[in-house]
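These notes are about the structure you will find just below.
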Amino acid sequence: MEDVPAPQLTKRSLLAMVGKAAGASAMYMAMTALDQARASTFKGPVKLEGGAKGASIIILGAGVAGMTAALELSRAGYKVQILEYNNRLGGRAWSLYGGDVYTELGGATQRCQFAPGNYINPGPWRIPWHHYGLMHYCHELGVALEPFIQTNYNAYVHSKNAFGGKPQRYRHVQADFYGYVGELLSKSVRQGALNDRITKEDGEILLEALRSWGALDKDFRYVKGQPSSNRRGWEKDAGGGLTAQPIPSEPMTLETVLRSGAWRNIATNLTWDHQYTIFQPVGGMQMVARGFERAVGHLVRRNSKVTAIKQGENSVTVTFTDTKSGKVMNASADYCLCTIPLPVLSQIEMDSSPELASAIRAVPYSTSVKVGLEFKRRFWEQDEFIYGGITYTDLPNSQISYPSTNYGAKGPGVLLGCYVGGATGYELTALAPEQRIARVLEWGSKIHTQYKSEFMNGVAVGWHRVPWVLGCFGTWSESARANHYENLCKMDGRVLLAGEHASYYGGWIEGGITSAIDAITRLHARVVAS
Amino acid sequence: MKKITLVLLVVCTATMAVAHSQTSPAKAPSWEAQDAADGAFVARTTFAETDGEKMYRRVCAACHMPDGKGAEGAGRYPALANNPRLATGAYSVMVILKGLNGMPPIGSMMSDQQVADVVNYTRAHMGNKYTDLVTAAEVKEIRETN
């Protein structure tokens, strides 16, 4: 049976607690850019017809946006070259595998020690079915996909102040929340409280709907019994033979469900970007980068740090430093597509219009921290029957995501032990990597007691210390969007920008792809018209 | 690298020891009291650091680095140490409240007093020697102007 919240809970402390939960939820929403969620504008493979007229383009950045543009422009006949700061292609389509070495700003170096096959995606990690652009390129480029488990009814909802700090199964929280809401609403209908809003006949329909939706009994009550246990699970499961009879489980009380604040975690899984089907590339998000690399990798010059973008009458000249040799070089083309993240671009000498210059400086970059932890065994599967999915907590680590692959594997497993932004994101980033890991390990052990005895190693990425972005993704305020978005996206002389920052998809790869296609379509129209 | 392994090993060994001695209560890690004293990891959407030094060390250092010297990759974080731009207190307040380039308006998660405290700390440390103080009232005024 579930523990109940502390009985001495005053109204004030209750509100404070719920407020904290609200903050967590609000922060999570900001992080995942739900406020910016739109349907993808991708409408099938782009067709750049009419010939490139021998035009050349230099693309800055070999992330997914830059490589999408390179792929389609080279197909259309353009002469394409890409400059990339890193020695690795893909930008934020990135995975950390065993043996990888990552040095963050400030110099801290981590050598990922994961066993073969284990990884984390420090950046984007899921692909909703309606991210048509990314889905298209995965299929085209031979990037195998597998389901990403977003909602797991057997994962936990955890609050340090509710249920005595004991994690609750998601199915208990959701079933009981829906059940009591159904019961209360059906009571209102039957008492005629909604007569001014609903006809008697519709009221009858609603009652049946509520019984079905809330798992109510014949008297419209949400109580211990078969209907509720069919949702929340049984005290003792059905079996065969003489031990066959199932025993129903006891729902939490209405007050417990409401006061826990745990209901807040249900809404996340209902949102457009988190609805099934969601995919992940088999082997990590880096596989998306590898797919593009197979197609356009030969066009990329790595280890090239852009320092200036100059526009002439008929061409664009980009000055860059080879980070291995220190040699300063120039590259020219008729046009330039720049996908460099804005915090970096804002520091690059660039003769753009004042409007574009202002737009580049108007978009702050979100904080975000992800920590991957490797354990000796998959105790979440073996001990707790959690196969993929996400546990939500109001502890600073915010969530724990279990691997959506290789179920039942023996040997070490890696889970995502922390994914958080906001104030916590800065505070974690300010710590040395090993200190971030120590905290995430401690917080997570309040949910999984196996953490400490099974822990092997970890890797921690604070996005504000990622040397080639200086943040996680662009966050547009309403006023910045109104004043600067169009200026950021429209062609400025011979230069135009693309990337998730030039989209309504903050932080999603789909934003990079759709912005790249939009940009090259406009560029091509100009070339054809010239 | 060696340091990381060592620290993790210590954490691991310490916690395993706890797990094996079931009669004694779990020992809090050494950093836990420090975090609480600094006001770190208290809330997700606001900072609870109680003075300027703590705010700098626990928050600003994420980008500007613990020594205030900034860092450089594809782009750079400017050094706050020995930075003549800090001569005007209002400038620092403005940057924290409104953001600058990619820097988020991080002051939106701080109280007026917290902004004043961290500005005053930064302007008087890490090689900066500006002694005039910014007040919470001044921060409030700048916060309320666009």
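Sequence lines set the chain letters: A, B, ... in the order given, protein chains first and strands last, and positions in each chain run from 1. No hydrogens, no waters, no symmetry mates; every other heavy atom, side chains included, goes into these values.
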Please find out if less than 6.0 Å separates the ring center of [X] from that of [Y].
X         : Y         : value
Phe41(B)  : Trp31(B)  : no
Phe375(A) : Tyr451(A) : yes
Phe379(A) : His448(A) : yes

In terms of side-chain heavy atoms, does Ser304(A) have a donor or acceptor partner in Arg301(A) at a distance below 3.5 Å?
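Side-chain D/A pair, Ser304(A) to Arg301(A): present.
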Using distance alone, with no hydrogens and no angle criterion, decide if Asp322(A) and Asn303(A) have a side-chain donor and acceptor under 3.5 Å apart.
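Short answer, no.
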Residues 58-73 of chain B: residues contacting chain A (heavy atom under 4.5 Å, by number):
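The stretch touches chain A at Arg58(B), Val59(B), Ala61(B), Ala62(B), Cys63(B), Met65(B), Pro66(B), Ala71(B), Glu72(B), Gly73(B).
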Max heavy-atom pair count under 4.5 Å with chain B, selected residue of Thr307(A), Val101(A), Leu470(A):
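Of the options given, most contacts go to Leu470(A).
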For [X] and [Y], which heavy atoms make the closest approach, and how far apart are they?
X         : Y         : result
Tyr365(A) : Leu342(A) : OH-N, 3.2 Å
Gln114(B) : Glu49(B)  : NE2-O, 2.9 Å
Thr393(A) : Arg44(B)  : O-NH2, 2.6 Å
Leu86(B)  : Arg123(B) : O-NE, 2.6 Å

Side chain, backbone, both or neither: which part of [X] has a heavy atom under 4.5 Å from chain B?
X         : answer
Tyr85(A)  : side chain
Gln347(A) : side chain
Leu428(A) : both

Taking it one step at a time, do Glu442(A) and Lys446(A) satisfy salt bridge (Lys or Arg N to Asp or Glu O under 4.0 Å)?
CA-CA 7 Å; Glu442(A) 181 68 26; Lys446(A) 313 240 184 271; 3.5 Å; yes
For a 4.5 angstrom cut-off between non-hydrogen side-chain atoms, does Val371(A) reach Val459(A)?
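SC-SC contact between Val371(A) and Val459(A) ruled out.
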Supply the atom-to-atom distance Leu345(A) CG to Leu60(A) CG, rounded to the nearest 0.5 angstrom.
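Taking CG in Leu345(A) and CG in Leu60(A), the distance rounds to 8.5 Å.
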Which bit of Arg57(B) is near chain A, if near means a heavy-atom gap under 4.5 Å: side chain, backbone, both or neither?
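Just its backbone gets close to chain A.
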What residues of residues 461-469 of chain A make heavy-atom contacts with chain B at a cutoff under 4.5 angstrom?
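His464(A), Arg465(A), Pro467(A), Trp468(A), listed by number.
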